[in-house]
Amino acid sequence: SSDVCSSDLKRWENGLTVIMRSAGLAVKDVRVVGLDPVVQERALKVAAVQVGESMMSADPYAIKARVETLEAVDKVKVMRMWPDQITIVDDPRQPIALWENNGEWRVIDQRGRTFAEVDPKDFVQLPHIKGPDAAEAAAGLLTLMADYPDLSIRMSSATRISGRRWDVTFRGGADVALPEDSRLKEALADLNLLQARNRLLDLPVTHIDARHPERFALRPTPGAPADPLTGGA
């Protein structure tokens, strides 16, 4: 019967534990690497690995699945370090932006996943990302933007357009229409160069079209004096 099978299996597991202990192959230490102390404590708890249990019964895949139920962790790797240690290596999830979709704001991580238990009001300083498919693409934009601190520090929001490119708004500056993702890196490099040389984002312009591979088109602020860079057009 199932009761007999369950009883037999339990006796077998207990016997294996005794054998493994006598051979010095029982768990003596469980370590979590890569998380802050609070999350580390929670990870140890949900990992549910008991000191003294057989190293063979400490299933890395089962431990990984349990630890990944924590919202604060990203990638989890579990290793049996023979003869007696279990090491759990975790990458913490990093809030990178506030994502707005259908009027609702959510905090997203580096893989575009939302945090269910995080209050967006606590992260108003993060860049604001908009658009139904913006969450998944946000990390690519922000990673490239981080290469140019003068741009990154001024970025206020970004709107995903047609699932293939971004419009970015800079604090105190214009909206910038960026090209498709395949040319995004090149366009940001050009924008950064023009900002360094000509303070482009400080000019009296309302819109910068950076989609053309050879030139930027600038729309001056209405009533602003002509500028050599904008041509007053």
Can you see which heavy atom on [X] is nearest to which on [Y], and at what distance?
| X | Y | answer |
| --- | --- | --- |
| A47 | V67 | CB-CG2, 4.0 Å |
| S54 | S57 | O-OG, 2.9 Å |
| P92 | G34 | CD-O, 3.4 Å |
| P120 | V107 | CA-CG2, 3.8 Å |
| A210 | A187 | O-CB, 4.2 Å |

So H128 and W99, ring pair (Phe, Tyr, Trp, His ring centres under 6.0 Å) or not? Walk me through it. CA-CA 6 Å; H128 293 184; W99 172 48; over 10 Å; no
Within the 4.5 Å heavy-atom criterion, are [X] and [Y] side-chain neighbours or not?
| X | Y | value |
| --- | --- | --- |
| S156 | F170 | no |
| D190 | F216 | yes |
| L141 | M155 | yes |
| I63 | I88 | yes |
| R80 | P60 | yes |
| V78 | V76 | yes |
| R183 | L178 | no |
| V33 | T87 | yes |

Within the distance-only criterion (no hydrogens, no angle test), does the side chain of [X] pair as donor or acceptor with the backbone N or O of [Y] below 3.5 angstrom?
| X | Y | result |
| --- | --- | --- |
| Q195 | L201 | yes |
| T143 | G140 | no |
| T114 | A116 | no |
| R219 | V205 | no |
| D209 | R211 | yes |
| E100 | G103 | yes |

Residues two or more places apart in sequence or in another chain: which of them pass side chain to side chain contact (heavy atoms under 4.5 Å, CB included) with S152?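 M145.
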**Report entry** Partners passing salt bridge (charged side-chain N to carboxylate O under 4.0 Å, His left out) against K64 (at least two apart in sequence or in another chain)
**Finding:**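 Salt bridge (charged side-chain N to carboxylate O under 4.0 Å, His left out) list for K64, sorted by chain: E68.
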Query - R66: salt bridge (charged side-chain N to carboxylate O under 4.0 Å, His left out) partners, not counting sequence neighbours - result: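 Listed in chain order: nothing, the list is empty.
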Are [X] and [Y] joined in one hydrophobic group, where the rule is that I, L, V, M, F, W and Y side chains link up if heavy atoms are under 4.5 Å apart?
| X | Y | answer |
| --- | --- | --- |
| L35 | V118 | no |
| V27 | W82 | yes |
| L193 | Y148 | no |
| V32 | V46 | yes |
| W166 | L194 | yes |

Just checking, is any N or O donor in the side chain of T169 or D175 under 3.5 Å from an acceptor N or O on the other one?
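On atom types as modelled, these side chains qualify, holding a pair under 3.5 Å.
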Rounded to the nearest 0.5 Å, how far does [atom2] of [Y] lie from [atom1] of [X]?
| X | Y | atom1 | atom2 | result |
| --- | --- | --- | --- | --- |
| R154 | D150 | CZ | CG | 8.5 Å |
| L44 | I86 | CG | CD1 | 12.0 Å |
| F123 | F115 | CZ | CZ | 7.0 Å |
| N192 | L144 | CG | CG | 12.0 Å |
| L218 | L200 | CG | CG | 5.5 Å |
| I129 | N101 | CD1 | CG | 12.5 Å |

Original post:
Quick one: salt bridge (charged side-chain N to carboxylate O under 4.0 Å, His left out) pairs with a partner in residues 102-111, sequence neighbours left out?
Top reply: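 For residues 102-111: D74-R111, R93-D109, E104-R106, D109-R113.
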* Answer yes or no: is there an ion pair linking D119 with K121, defined by an N-O contact shorter than 4.0 Å? =>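 Result for this pair is no, no salt bridge flagged.
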For this session: May I ask you to say whether R164 pairs ionically with E180, meaning some side-chain N is under 4.0 Å from a carboxylate O?
Result: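 A salt bridge is present here (some side-chain N lies under 4.0 Å from a carboxylate O).
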**Report entry** Partners passing side-chain hydrogen bond (donor to acceptor under 3.5 Å, both in side chains) against R215 (at least two apart in sequence or in another chain)
**Finding:**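 Expected list: H212.
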| side-chain hydrogen bond (donor to acceptor under 3.5 Å, both in side chains) partners of D181, counting only residues at least two apart |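 By the side-chain hydrogen bond (donor to acceptor under 3.5 Å, both in side chains) rule, D181 matches R160.
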Crowded around [X] [atom1]? As in, over 12 foreign heavy atoms under 6.0 Å?
| X | atom1 | value |
| --- | --- | --- |
| E186 | CD | yes |
| R199 | CZ | yes |
| R197 | CZ | no |

*Checking side chain to side chain contact (heavy atoms under 4.5 Å, CB included) for the pair I96/I108: CA distance, chi angles, key distance, verdict?*
CA-CA 6 Å; I96 65 167; I108 60 172; 4.2 Å; yes
Verify side chain to side chain contact (heavy atoms under 4.5 Å, CB included) between Q85 and K28, making sure each step is shown before the conclusion. CA-CA 6 Å; Q85 180 180 308; K28 291 183 180 179; over 6 Å; no
Is there a side chain to side chain contact (heavy atoms under 4.5 Å, CB included) between V89 and M79? Walk through the geometry before answering. CA-CA 8 Å; V89 181; M79 297 171 287; 3.6 Å; yes
